[in-house]
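Just so it is clear: chains get the letters A, B, ... in the order the sequence lines come, proteins before strands, and each one is counted from 1. Treat the numbers as computed from the prediction; the structure is a model and nothing was measured.
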There are 2 protein chains.
Amino acid sequence: MSRTFEFGDETQPVAETKDRILDAAERLFAGQGYAATSLRQITSEAQVNLAAVNYHFQSKDSLILAVLMRKMKPLERRRLELLDALEEAAGDGPLVLEDVLRALLVPVFERKAAGGGLSPFPQLMGRMYSEPGDWVLQIFKRAIAGVAARFLPALGRALPGMSRTEIAWGMHFSIGSMAHFLAAGVLLTHLSDGEADMSDGEAVVNRMVVFMSGGLRAMAESRKEAAR
Amino acid sequence: MSRTFEFGDETQPVAETKDRILDAAERLFAGQGYAATSLRQITSEAQVNLAAVNYHFQSKDSLILAVLMRKMKPLERRRLELLDALEEAAGDGPLVLEDVLRALLVPVFERKAAGGGLSPFPQLMGRMYSEPGDWVLQIFKRAIAGVAARFLPALGRALPGMSRTEIAWGMHFSIGSMAHFLAAGVLLTHLSDGEADMSDGEAVVNRMVVFMSGGLRAMAESRKEAAR
DNA sequence: GTCTATACGATGATAGAC
DNA sequence: GTCTATCATCGTATAGAC
């Protein structure tokens, strides 16, 4: 249910208290980190009462869980959608590694590009992996485990001869590259003396796909050599 | 100056207040994260008064800065030492990419293996990259910028034809893989259904070197193709 | 069902006595 | 150098207004 102003020209829906809290929390968590952001900052920015957080969500932990799940669920859906299309097109034939990686990465940067300005969510998503605390594992189980369950076999199809465990290593390394880019892009600015252009999402994805596929293929080659 | 018990058989040096605080802080920061760890936890574990933290260090920010720099400085020295040896052995000839990456990674896992039990420091180091806050940039400037200044050209020598900016991208991706492994090893356990063995530091470094070198070489190849 | 006012214990930080 | 006392701010809980 979204309220609307019925009078005058104004017909824009007014975000409910709950959504205003989620929006403000997402922005602040992404910018300053989870622990460094106080509930009072959030409620002040969202223009709601402090106790409203404890009414709609029970705790700060549950709040960031809600913040993340709101965007992670559509992200998971889009990733699986792209992978479905890929597998349908491939039939019984092989999958192209680059295509699988693209299905994993593109939805993240679609969100980054959408909505005019940059969404703060991808940075928050990148940071979340290395954050301590119980809610991280809950996010994993609810929104990442499903993606992993589909993409691990898909990567296996694209990388014949690699064991499931070895693919898990490679996927872990790959996710690390992505997460670090999302969370710590500032460091790339320093590394490149400000020369790296991070604004073009498509170019970033292309570079990542090249790096990850190269790394994964090298791991597959390395196993073959070890077997010789 | 380290105090010693002068009487009886006991000649073990007793860690000073300052060091006891640093040790406790390192352990707790690594385990629970920076913001989630209270100064009262630290002083209680170190068996010192709360105000001692503010006497020896000024603030919580300065404390973690001291915690990190204490280990980052030797780490930086060791990395440059290995790179020095590599460049001396190579003379005017080419550098082997795998060797350069190894010089970057091995010191991190040396620390992880040293001292009997696992040091909590590498995990803290991995987490630090994606932590928001001013002290991250200070760490970068004081202990990482120097490493980058030497390893970026070295990677360039090992990857002829790649531009400095492109190498910065590749190094960023590589550091991300390492940081994510150090900070979020739990996720690999989930991805691999507990099959991935993370205890053997040398095997981990080997796998990382294969992945990173494969990724970097693929980026170099990709540039050549684009130039055609 | 929604939201608000208010209070409680714990935290980071500081000032000043010893 | 070390400690006690103190302060504003934090996350959380509850009682009650609409």
Please assess S177(B) against S174(B) for the test side chain to side chain donor-acceptor pair (under 3.5 Å), listing each intermediate value before the final yes or no. CA-CA 5 Å; S177(B) 304; S174(B) 300; over 6 Å; no
Could you check which residues of residues 34-49 of chain B get a heavy atom under 4.0 Å from DNA chain D? Sort them by number, please. N49(B)
Rounding to an integer number of Å, can you tell me how far H56(A) NE2 sits from dT4(C) P? 9 Å
Answer yes or no: is there an ion pair linking E76(A) with K73(A), defined by an N-O contact shorter than 4.0 Å? yes
If you check every side-chain atom of A51(B), which of dA13(C), dA15(C), dT12(D) has the closest atom? dA15(C)
Take the angle between the ring planes of H172(A) and F181(B) and call it parallel below 30°, perpendicular above 60°, tilted in between. perpendicular
Residues E110(A) and R78(A) bridged, charged N to O under 4.0 Å: yes
Would you call R77(A) and D84(A) a salt bridge, taking side-chain N to carboxylate O under 4.0 Å as the test? no
Using a cut-off of strictly less than 4.0 Å, decide whether Y55(A) has a side-chain nitrogen or oxygen near OP1 or OP2 of dT2(C). yes
Whole-Å gap separating C1' (dT12(D)) and CG (N54(A)): 6 Å
Using the side-chain contact (heavy atoms from CB on, under 4.5 Å) rule, pick out the option among W135(B), F140(B), Y34(B) that qualifies with M128(B). W135(B)
Measuring from the side chain of T17(B) (C-beta onward, heavy atoms only), which nucleotide among dT2(D), dG12(C), dT6(C) has the closest atom? dT2(D)
Atom CG of L63(A) and atom C1' of dC10(D): how far apart are they, to the nearest Å? 15 Å
Taken to the nearest whole Å, NZ/K60(A) to C1'/dT9(D) is 12 Å
Find the distance L50(B):CG to dT11(C):C1' and express it as a whole number of Å. 9 Å
